[in-house]
Amino acid sequence: MDQFIGEPDCWNQGIGSRLIQGMVSYLTNTLQADKIVMDPQTWNARALRVYEKCGFRKIRLLEKREWHEGEYRDCWLIEYNAANGEEKRDES
């Protein structure tokens, strides 16, 4: 799963959060996924904040994982665990 909000005027309006929450809901409720994993680059603090806000947790640093703009970049292996997400929804 990867998303790109290219227009700065659309940043900080919750679009990314809604997009990620919608995809997580589809994958866990419709497709019955137990876990969702991704590997965003470590420098992308904005994306990491949104993923964590949506229930993803950092699992492991993946050094020099992805070739990007002429160099290998570090990534975080992040995971959404549906069981934990359901527990969180039940508490609210």
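Under the rule for a ring pair (Phe, Tyr, Trp, His ring centres under 6.0 Å), Y26 has no partner lying at least two apart in sequence or in another chain. Listed by chain and residue number, L77, E79 satisfy the side chain to side chain contact (heavy atoms under 4.5 Å, CB included) test with I59 (two or more places apart in sequence, or in another chain). Every side chain to side chain contact (heavy atoms under 4.5 Å, CB included) that R46 has, sequence neighbours left out, goes to W11, N12, N44, R49. Partners of E66 under the side-chain hydrogen bond (donor to acceptor under 3.5 Å, both in side chains) rule, at least two apart in sequence or in another chain, are Q41. For S17, the side-chain hydrogen bond (donor to acceptor under 3.5 Å, both in side chains) partners at least two apart in sequence or on another chain are K53.
Listed by first and then second residue, the salt bridge (charged side-chain N to carboxylate O under 4.0 Å, His left out) pairs involving residues 67-77 are E69-R73, E71-R73 (not counting sequence neighbours). Pairs passing the salt bridge (charged side-chain N to carboxylate O under 4.0 Å, His left out) check and including a residue from residues 5-16, sequence neighbours excluded, do not occur.
By the 30° and 60° cut-offs, the orientation of the rings of F56 relative to Y80 is tilted.
Here the closest non-hydrogen pair linking L61 and W76 is N-CZ3, 3.5 Å. Heavy-atom minimum distance, I5 versus G16: CD1-N, 3.6 Å. In terms of heavy atoms, E52 sits closest to R57 at O-NH1, 3.2 Å.
Expressed to the nearest 0.5 Å, how far CE of M23 lies from OG1 of T28 amounts to 11.0 Å. To the nearest 0.5 Å, atoms CD (Q32) and CG (L27) are separated by 11.0 Å.
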Under 3.5 Å, sequence neighbours excluded: what are the donor-acceptor pairs made by side chains of residues 33-40?
{"from": "D39", "atom 1": "OD2", "to": "R65", "atom 2": "NE", "distance (Å)": "2.9"}
{"from": "D39", "atom 1": "OD2", "to": "R65", "atom 2": "NH2", "distance (Å)": "3.3"}

